[in-house]
Novice: 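Take this structure first; my questions come after.
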Protein chains: 4
Amino acid sequence: MTGRYDFASDNTAPIAPEALDALVHANIGFAPAYGADATSSRSADQVRAFLDADAEVRFVASGTAANAIALTLLCAPFQAVAAHEHAHVCTDEAGAPGFFGQGLGLIALPGAAGRVSPAALAQVLAAHRMSHRQSVAALSLTNATEYGAVYSRAQIAELARLAKDAGCAVHLDGARLANAVAAGFDPKSIAGLGVDVLVLGGAKAGASPAEALVILDKALAPNLDVRLKQAGQLASKGRFHAAPLLGLLESGAFVERAAHANAMARRLAAASPFPVRHPVEANAVFLEIDDVALAGLHARGWFVYRFLDASVRFMCSWATTPDAVDELGEVLQGLH
Amino acid sequence: MTGRYDFASDNTAPIAPEALDALVHANIGFAPAYGADATSSRSADQVRAFLDADAEVRFVASGTAANAIALTLLCAPFQAVAAHEHAHVCTDEAGAPGFFGQGLGLIALPGAAGRVSPAALAQVLAAHRMSHRQSVAALSLTNATEYGAVYSRAQIAELARLAKDAGCAVHLDGARLANAVAAGFDPKSIAGLGVDVLVLGGAKAGASPAEALVILDKALAPNLDVRLKQAGQLASKGRFHAAPLLGLLESGAFVERAAHANAMARRLAAASPFPVRHPVEANAVFLEIDDVALAGLHARGWFVYRFLDASVRFMCSWATTPDAVDELGEVLQGLH
Amino acid sequence: MTGRYDFASDNTAPIAPEALDALVHANIGFAPAYGADATSSRSADQVRAFLDADAEVRFVASGTAANAIALTLLCAPFQAVAAHEHAHVCTDEAGAPGFFGQGLGLIALPGAAGRVSPAALAQVLAAHRMSHRQSVAALSLTNATEYGAVYSRAQIAELARLAKDAGCAVHLDGARLANAVAAGFDPKSIAGLGVDVLVLGGAKAGASPAEALVILDKALAPNLDVRLKQAGQLASKGRFHAAPLLGLLESGAFVERAAHANAMARRLAAASPFPVRHPVEANAVFLEIDDVALAGLHARGWFVYRFLDASVRFMCSWATTPDAVDELGEVLQGLH
Amino acid sequence: MTGRYDFASDNTAPIAPEALDALVHANIGFAPAYGADATSSRSADQVRAFLDADAEVRFVASGTAANAIALTLLCAPFQAVAAHEHAHVCTDEAGAPGFFGQGLGLIALPGAAGRVSPAALAQVLAAHRMSHRQSVAALSLTNATEYGAVYSRAQIAELARLAKDAGCAVHLDGARLANAVAAGFDPKSIAGLGVDVLVLGGAKAGASPAEALVILDKALAPNLDVRLKQAGQLASKGRFHAAPLLGLLESGAFVERAAHANAMARRLAAASPFPVRHPVEANAVFLEIDDVALAGLHARGWFVYRFLDASVRFMCSWATTPDAVDELGEVLQGLH
């Protein structure tokens with residue numbers, strides 16, 4: 001029996017065909033380095049078209065770095081970013097925002113299913129700026145959230161307005177934006193909602209390691225290339241970071257394959273005998289599984305993890321098959 | 001007429017077949033994330049075998065980041081790294097060592113053809129540590145050098161011994177190690193020469209963006225993954241950073257294709273009517289070309305650049321063809 | 001009516017006579033710079049005698065910097081420091097630990113009256129180190145606490161043991177160590193309790209801006225001077241940072257004047273018609289005062305602030321007079 | 001025989017009477033913390049009057065930190081500061097600019113007697129911004145220079161104009177501004193010359209550790225206090241950093257005592273049998289002394305050091321006496 005990583009994360013999946021085809025297609029002849037090539041240019045155009053917005057677009061290898069660099073554009077070291085307490089920037093990036101941002105602070109906000117509570121945000125923004133705490137300069141949102149929920153346009157609008165009214169900027173971590181869009185969130189609304197910097201996720205959508213850093217407020221972008229270079233995120237052979245997203249966006253697979261992943265999550269939720277913790281709106285299912293049953297899953301080779309909220313996370317991806325979902329469903333039934 | 005980037009850099013080349021094949025081959029099924037997969041493991045084994053040395057090996061997307069992180073393992077912020085004045089870490093990484101290293105200093109050393117002068121190194125190491133200058137804690141060498149020269153084993157031994165005797169560590173930037181090895185430098189000598197951390201270059205050898213960070217002094221490596229994660233250099237889909245080097249090393253193409261690049265450089269040097277500035281030992285040719293002739297080259301679509309020593313750099317790669325060299329040679333003849 | 005800052009903080013007080021006398025006494029003739037002078041040497045001896053411990057001792061201008069630098073000695077950027085959620089390092093230093101520590105994280109722990117809850121610490125230390133969170137490398141304690149409580153030796157021993165058993169180091173913020181000692185805490189117990197670095201507070205004890213950075217684990221101290229120099233905390237005229245603490249320690253005023261401050265706090269608590277929130281063990285009194293009464297205090301020129309726990313803080317210092325306490329007590333009676 | 005530190009540095013001197021008197025005078029009653037007190041306010045007014053310019057003024061403990069923070073206001077991490085190769089920021093601050101500036105670069109410029117060569121500056125500013133070098137964003141000048149020369153107004157105007165024309169900002173390290181002013185440099189010209197940030201030195205002029213950070217371009221100053229707090233340079237008992245400069249400026253001693261120091265330097269130069277290396281325009285004398293004679297000086301207890309240009313530095317201060325100069329002169333005669 002070999003290990004089953006199907007549901008361990010959406011980054012255990014291989015590269016989707018459309019992304020790999022584009023990468024192979026980009027692999028012809030010589031091309032200018034550092035993003036000055038035609039593939040990078042066309043890919044950036046695709047991103048802008050997808051968002052229906054003008055923006056500076058760069059392709060980087062790491063979502064962690066992309067998020068951290070985005071936050072440094074919005075927040076000085078003596079300031080802080082407010083984010084959901086279980087947002088990737090708070091819990092899964094080993095302190096990258098503070099590393100890239102020379103100590104910029106993170107303020108953790110509560111909220112159901114990974115969505116920031118507007119009331120909690122309002123309270124933090126209104127806090128008397130007494131003493132010498134780092135004050136909030138930016139709000140970071142994640143769509144779809146870490147718990148597989150999807151912010152509606154109105155929900156982001158409310159949070160973004162609170163932030164903007166308090167003079168703060170807005171960052172959107174779109175590591176799973178494809179899944180949010182497949183669930184009905186309109187990517188063309190992002191610019192109008194006041195998002196200043198978006199990280200548009202490639203890896204979890206089927207790309208090889210590649211994310212798009214999208215600077216919607218272009219005034220933030222002077223010297224962007226040298227800034228990225230210093231931070232180790234300006235690839236010499238840049239076309240290979242740009243190609244996968246080009247292939248996914250141009251073909252429509254970016255959203256279509258995310259829709260498949262979302263459907264697999266709903267199928268899994270329906271098959272589960274264990275309670276489902278959060279609304280299944282994107283590609284994640286969080287099940288309330290006791291330790292004995294979890295040990296049973298592990299013993300059968302299924303690698304999944306207890307998450308920060310103590311439920312067990314199952315991620316679906318473009319590569320998840322109905323058969324695998326059904327097989328897992330049966331295993332879960334047996335462990336119940 | 002389209003632009004000719006053949007000689008602009010060795011990172012304008014596409015991915016070599018062996019690297020791409022390995023990447024495609026790795027793209028099957030689900031795999032653990034963050035480097036815990038079989039491809040990463042096998043690729044690390046290949047690196048260790050190539051070096052005949054035990055080492056912690058990680059695959060990262062950026063040589064700039066790999067060098068900078070390597071230096072932070074060897075040097076505190078209040079210390080400095082001595083390197084050739086035209087080394088990549090000094091001139092082409094936008095200050096990445098200081099960024100990742102919280103202000104660690106760089107001390108620029110002279111030396112012919114990109115090799116550090118032992119006398120200059122000795123002088124810096126012997127300097128009375130008066131006042132509050134950052135003192136040298138590490139020596140950084142580059143093989144092949146920025147000017148296409150190749151350090152012999154004895155030359156590195158001499159410099160490394162000077163460093164070690166002064167209590168300093170040694171970093172080897174091997175962005176073009178393949179070319180050095182193809183020119184006769186024995187990679188199995190590296191560990192014995194006292195190199196503590198090596199960056200083994202993939203991109204310039206034919207990989208997609210991927211470099212190996214090789215920690216030869218394993219005591220430097222605790223918590224390496226979380227350190228890389230914070231620095232934006234721990235890829236979730238890590239197998240795609242590991243596969244290209246696996247393909248190149250396993251097949252022997254890593255050195256064979258570098259040997260081709262080196263041969264193309266010699267062919268170009270032989271064809272050049274302009275004086276050759278530095279010994280052509282690897283894949284670079286530096287020609288003493290006046291501004292008029294350089295403008296002529298540019299006007300004919302050949303993108304090459306005047307370098308830090310004022311000569312014009314022509315880089316060959318695995319993808320450089322004899323025809324292209326001959327075509328360029330004729331253009332140069334015409335401009336002479 | 002001029003403003004009354006008597007109770008706004010213990011750093012609104014002037015320099016105590018013993019500190020100023022020592023400063024004036026040190027102001028004779030020429031002396032070596034950067035801490036190599038006799039005053040600095042004698043003052044360090046006094047600190048070691050006070051603690052009955054060997055240690056590297058340096059005198060710096062800023063407690064914020066001293067704490068931050070101490071934490072960088074104990075914790076890498078990809079790690080975190082656990083501290084009380086209202087500890088000065090968490091709430092009042094504008095993110096200095098992350099700034100000096102290149103993004104090192106802070107993990108906020110609950111606990112009554114500013115003391116860290118052992119159960120909460122144990123939980124954080126035992127947490128499965130899943131995903132890529134910054135893991136705890138150090139525990140930071142504050143004695144006396146921000147809420148005027150004093151840890152007993154046994155309480156610190158319990159917390160320090162938990163930390164040490166988990167492989168973590170211990171930092172003690174002693175900005176108000178004098179007050180803790182005056183309340184019965186034995187300074188000679190600190191080294192034995194496993195504290196690795198202590199910041200011994202001068203300013204709040206009656207010194208001009210001056211704190212002692214006390215490295216009890218001397219293995220942490222190589223290159224300490226150049227490290228401090230780079231961080232802007234190695235004074236050229238170092239004797240003037242060392243003299244005030246010399247004067248306070250040599251004369252015994254360090255503890256005696258803190259005992260007076262503590263007594264003034266008890267007197268104020270006794271005089272207060274408003275409920276006292278926390279045990280008054282050192283020099284702080286936190287009163288549960290409503291907004292109307294607080295506005296009344298402000299209107300009468302008494303500057304005090306609502307603190308993080310929503311009560312109003314009154315700090316006493318070496319310079320607080322019984323008359324001032326009684327006068328304030330009457331004002332409080334009138335506002336009740 | 002005790003050691004003689006009279007000429008080792010100008011920071012081996014004690015606090016001047018006017019500075020100490022002001023400190024003692026400020027030590028009355030309670031005062032708001034963090035620079036909100038009347039002493040700080042009056043001292044800032046004195047600085048503005050001295051410069052005949054509006055400015056944000058803060059008093060900090062460390063000139064190293066003041067310089068580094070000033071540079072971070074003018075230069076991003078991926079940019080560089082051009083300064084004389086022997087400027088304090090380049091050679092004597094242990095890399096503080098890079099530490100506070102997250103890796104900002106320093107570009108060393110040549111020039112006689114510590115003055116930056118306009119030709120060298122022009123060359124650096126005009127350099128083709130090829131590849132990924134940190135480009136110049138600020139010019140840092142020092143008056144009086146490290147070698148005791150004094151820039152004229154015209155000389156600074158020329159350099160500042162070159163910088164401004166290239167879009168760069170200007171920092172003035174005035175650690176010895178008092179000596180420059182005593183030598184005829186008009187402090188009221190500084191703002192008009194285009195200096196954006198000045199560090200006005202207190203310690204070397206006779207203050208206890210205290211320097212003024214003077215932000216002439218007030219647009220650079222938002223959130224200045226919290227920025228200083230994070231960097232460990234916002235003193236709680238701020239009045240004691242502000243008082244010494246208040247006393248020196250209000251009394252005129254700031255310049256008068258510097259004039260005395262300058263006169264002592266001239267007296268020493270006149271008495272020296274060894275060649276004088278640099279023009280003696282401020283309070284430093286650099287003598288060309290061989291190793292045997294230097295060892296003789298040391299053997300007689302006179303602590304002076306060989307400097308970066310290999311000559312031996314003798315610094316005079318407000319506290320240098322004619323008798324000491326004459327005594328030293330005789331010793332030098334004997335060693336010649």
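Labels below follow one simple rule: chain letters A, B, ... track the order of the sequence lines, proteins then strands, and each chain is numbered from 1. What you see is a predicted model, and the numbers here were worked out from it, not measured in a lab.
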Novice: Can you see which heavy atom on D:Gln230 is nearest to which on A:Gln134, and at what distance?
Specialist: NE2-NE2, 3.6 Å
Novice: When rounded to the nearest 0.5 angstrom, what is the spacing between CZ in A:Arg227 and CD in D:Gln79?
Specialist: 8.5 Å
Novice: Check the surroundings of atom CZ in A:Arg48: do more than 12 heavy atoms from other residues, nucleotides or ligands lie under 6.0 Å from it?
Specialist: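 More than 12 within 6.0 Å, yes.
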Novice: Find out whether A:Leu234 and D:His132 are in side-chain contact, i.e. whether some heavy atom of one side chain is under 4.5 Å from a heavy atom of the other.
Specialist: yes
